Trainee: 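Can you keep this structure in mind? I'll have questions shortly.
The chains referred to below are lettered A, B, ... by the order of the sequence lines, with proteins before strands, and numbering in each begins at 1. From a predicted model like this one, the values you see are computed outputs, not experimental measurements.
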Amino acid sequence: MQIDLATPGGLALSLLPEIFLVLWGCLVLLVAAWKHSEENATDLVGRISLVGLLGTLAVVWWMWVGDWTAGEFAAMMALDNFRYATSSVFIIASILAVAMSFGYLGRERILIPEYYALMLFGTAGMMFMGGGADLIVIFIGLELMSVCIYVLAGINRRSVFSAEAALKYFLLGAFASAFFLYGIALIYGATGTTNLALIDFQIAASGLNDSVMIMLGVAFLLVGFGFKVGAVPFHMWAPDVYDGSPTPVTAYMATAVKAAGFAALFRILLHGFGNSLEIWQTGVWWLAAITMVLGNLFALAQRNLKRMLAYSSIGHAGYLLVAVASGGAMGASAFIFYIVAYTLMTVGSFTVLSVIGRNGERDVKIDDLSGLASKHPWMAFAMLVFMLSLLGFPGTAGFMGKWYILAAVLKADQLSLAVVLVVASVISAGFYLPVVMAMYMKPTTDADSHRNAITSGAAKWVVIGTALALLVFGVWPNRLADVSANGADNFRQVSPITTPLSTPGAE
Amino acid sequence: MLLGPSLIVSAVLFSLGVAGVLLRRNAIIIFMCVELMLNAVNLSFIAFAQQLGPEGHVIVFFVMAVAAAEAAVGLAIIISIYRFKETVNLQNINLLKG
């Protein structure tokens, strides 16, 4: 369907999922305010939020199936498959995070119904990041998301760890946003526009390939994104913040927030600088290589399960950066496949952690999982699937994801990066396999260990669903691979635009 | 026009903000330095808008709104940690490490 963005109706249609989600978020906020004092208000609000997220997913898929486009038009929001695909990833990650929060919030006495409203608004911000075709829209989306996550990190007001996590995330997040904004200012100054398609056109038309301002601008953008996705050397906040936040929020940060950062990074680099790869490819190459190697090496030293998963998510940011560095439609399609697999395995492993541990799960050591296989065989099996998938073991979706990333990066003739990726994966066996060994080969330390582990409720279904999906996508990846390739469709034509695009409202 | 000098002032202010964030240990002062960075960027946008048309001015308003929202949340977070620790000095806020 062709949408006419010059009319208000067309504009509203192009923003349909975001409008729906934000209105639903306001509704959730009203219900939260109205029912605030009631005992089970949190659960009620959570269920309403779940319905809203499912509704938004339906709207996004309706637009995707209907193939809504806007033609050659320099709009603020893109109407393309990449937006639909990434929006779906954010919404699915949020659905999983909301589902794993159900039992958790009651157990940890975090009876704050606004929690779910913040998740909805944060998801709306992510959708603006993945769909924005203008640097300012992406910036506003980034801030909308970040402000919600700052609050979510500190949502447990009785925990000093949660407060410290929120403070650290806030200070470094705001610092990173300022860098991001300075990058936008420099690019705006050099090209005279913040629209990605027009930036691409201006760089080609005015020969700005070696302009210092563009170089600096892109470098600042990369610093800003490096902080947001937790790439080494901008990762130092990540382990502390992931450690101190409530576990569902950690899962949300490690999956949805990271996915949003990468979606916006792909959008900016491939749409705004798609014909001038030489500006950014070297920078991303180094970022990816350092992040993969150091992220996995740091994780080796961890004995605490939550911190180990935090460092593992830094290593995975490195793998995703490899997909960015390959710089083409194949990289984007590998990114979509990998981020789906990564979301499933990360949310799954954090959910297992959240049902085993107590009080923020900060004290669960890897050795505390000893004997889990004999007490809770199915939970241990699911954890085995998550760990093998994170490692990239054949038969799991994690393996297929890494395979597609390797294929993309080899196609882009970057053999060295592929070698680093394989070496980093080998290193990562050093901290994923001890979890499996503890569960299956060590006896329980004492008789009543794991007696607290909850094996019912929404968390159980999250674990079952994610583990099953990982196995299914690992054995039959074709369907998901087709969808990912379809989602990366709009990066396929890389020929420079030769005619200026029309701007809405321009005479 | 004043483009060159404005950009230099903006870059200097931004660098001062970065230096402040990296060197100071008081959460409030770090937060002030972040605000300084944002306003330095605003100055750049205004300077560019002189040459490039009104888009830059519009962006500045967005940035100011975002900075205000961030300030509200940030100060609330600083208060919540002050209730636990009775300090906002980051040297004493170091429970999470390793």
Trainee: Under 30°, 30 to 60°, or over 60°: which ring-plane class applies to Tyr182(A) and Phe220(A), parallel, tilted or perpendicular?
Mentor: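 Tilted: the ring planes of Tyr182(A) and Phe220(A) meet at 30° to 60°.
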Trainee: Provide the closest heavy-atom pair for Leu96(B) versus Glu164(A) in the form atom of the first, atom of the second, distance.
Mentor: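 Looking at all heavy atoms of both residues, the shortest contact is N-OE2, 3.2 Å.
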Trainee: Inspect the contact between Asp243(A) and Lys306(A) and indicate whether a charged nitrogen and a carboxylate oxygen are less than 4.0 angstrom apart.
Mentor: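 Here Lys306(A) does not pair with Asp243(A) in a salt bridge, since their nearest N and O are not under 4.0 Å apart.
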Trainee: Does any heavy atom of chain B fall under 4.5 Å from the side chain of Ala301(A), the backbone, both, or neither of them?
Mentor: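 Neither part.
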Trainee: Decide yes or no for Tyr115(A) and Asn156(A): does some side-chain heavy atom of the first lie under 4.5 Å from some side-chain heavy atom of the second?
Mentor: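 The answer is no, as the side chains (C-beta and beyond) never meet within the 4.5 Å cut-off.
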Trainee: For the residue pair Phe180(A) and Phe227(A), is the inter-centroid distance of their aromatic rings smaller than 6.0 Å?
Mentor: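 They do not qualify: ring centres at least 6.0 Å apart.
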Trainee: Shortest non-hydrogen contact from Gln202(A) to Leu208(A)?
Mentor: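 Shortest heavy-atom contact: O-CD1, 4.1 Å.
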Trainee: I'd like to verify something: which residue of Gly192(A), Ala153(A), Ala185(A) has the highest number of heavy-atom pairs under 4.5 Å with chain B?
Mentor: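 The candidate making the most pairs under 4.5 Å is Ala185(A).
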Trainee: Can you tell which of Ala69(B), Gly56(B), Gly53(B) has the highest number of heavy-atom pairs within less than 4.5 Å of chain A?
Mentor: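 Greatest number of close heavy-atom pairs with chain A: Gly56(B).
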Trainee: Pairs under 3.5 angstrom only: tabulate donor-acceptor contacts from the side chains of residues 133-149 of chain A to other protein residues two or more places apart or in another chain.
Mentor:
{"from": "Asp134(A)", "atom 1": "OD1", "to": "Ile136(A)", "atom 2": "N", "distance (Å)": "3.0"}
{"from": "Asp134(A)", "atom 1": "OD1", "to": "Thr194(A)", "atom 2": "OG1", "distance (Å)": "2.9"}
{"from": "Asp134(A)", "atom 1": "OD2", "to": "Thr194(A)", "atom 2": "OG1", "distance (Å)": "3.4"}
{"from": "Glu143(A)", "atom 1": "OE2", "to": "Ser177(A)", "atom 2": "OG", "distance (Å)": "2.6"}
{"from": "Ser146(A)", "atom 1": "OG", "to": "Leu142(A)", "atom 2": "O", "distance (Å)": "2.7"}
{"from": "Ser146(A)", "atom 1": "OG", "to": "Lys228(A)", "atom 2": "NZ", "distance (Å)": "3.0"}

Trainee: Parallel, tilted or perpendicular, judged at 30° and 60°: which one describes the rings of Phe170(A) and Phe31(B)?
Mentor: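 Taking Phe31(B) first and then Phe170(A), their aromatic rings sit tilted (interplane angle of 30° to 60°).
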Trainee: So, does Thr191(A) use its side chain to make a donor-acceptor pair with the main chain of Thr193(A) at under 3.5 Å?
Mentor: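 Here the side-chain-to-backbone pair exists.
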Trainee: Check whether Val88(B) gets within reach of chain A through its side chain, its backbone, both or neither, counting any heavy atom under 4.5 Å.
Mentor: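 Neither the backbone nor the side chain of Val88(B) comes within 4.5 Å of chain A.
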Trainee: Tell me which of these, Ile59(B), Ile78(B), Leu90(B), has more heavy-atom pairs under 4.5 Å with chain A than the rest.
Mentor: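 Looking at each of Ile59(B), Ile78(B), Leu90(B) in turn, Ile59(B) comes out on top.
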Trainee: Please say whether more than 12 non-hydrogen atoms of neighbouring residues, nucleotides or ligands are located less than 6.0 Å from CZ in Arg362(A).
Mentor: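 Atom CZ in Arg362(A) is packed in, count exceeds 12.
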Trainee: Go through Ile30(B), Leu95(B), Asn42(B), Ile81(B) and name the one with the most non-hydrogen pairs under 4.5 angstrom from chain A.
Mentor: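 Highest number of heavy-atom pairs under 4.5 Å: Leu95(B).
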Trainee: Picking from Glu70(B), Met37(B), Glu35(B), which has the most non-hydrogen pairs under 4.5 angstrom with chain A?
Mentor: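 Most heavy-atom pairs under 4.5 Å with chain A: Glu70(B).
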Trainee: Between Met236(A) and chain B, which part of the residue has a heavy atom less than 4.5 Å away: side chain, backbone, both or neither?
Mentor: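 Neither; nothing under 4.5 Å.
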Trainee: Please classify the contact between Leu172(A) and chain B as side chain, backbone, both or neither, with a heavy-atom cut-off of under 4.5 Å.
Mentor: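 Contact with chain B is absent: no heavy atom of Leu172(A) under 4.5 Å.
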Trainee: In terms of the angle between their ring planes, are His235(A) and Tyr311(A) parallel, tilted or perpendicular, with boundaries placed at 30° and 60°?
Mentor: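 If you compare the ring of His235(A) with that of Tyr311(A), the planes turn out tilted.
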Trainee: Heavy-atom distances under 4.5 Å only: say whether Ser159(A) touches chain B with side chain, backbone, both or neither.
Mentor: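 It is the backbone, since no side chain atom gets that close.
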Trainee: With a 4.5 angstrom heavy-atom cut-off, is it the side chain or the backbone of Tyr188(A) that approaches chain B, or both, or neither?
Mentor: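 Both parts, backbone and side chain.
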Trainee: Any salt bridge between Arg303(A) and Asp367(A), counting N to O under 4.0 Å?
Mentor: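 Looking at Arg303(A) and Asp367(A), the cut-off is not met.
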Trainee: May I ask you to name which of Ala67(B), Ser44(B), Cys33(B), Gly74(B) has the most heavy-atom pairs under 4.5 Å with chain A?
Mentor: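 Greatest number of close heavy-atom pairs with chain A: Gly74(B).
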Trainee: Listed by residue number, which members of residues 6-16 of chain B have a heavy atom under 4.5 Å from any heavy atom of chain A?
Mentor: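 When heavy atoms of chain A are the reference, residues 6-16 of chain B contributes Ser10(B), Ala11(B), Phe14(B) within the under-4.5 Å range.
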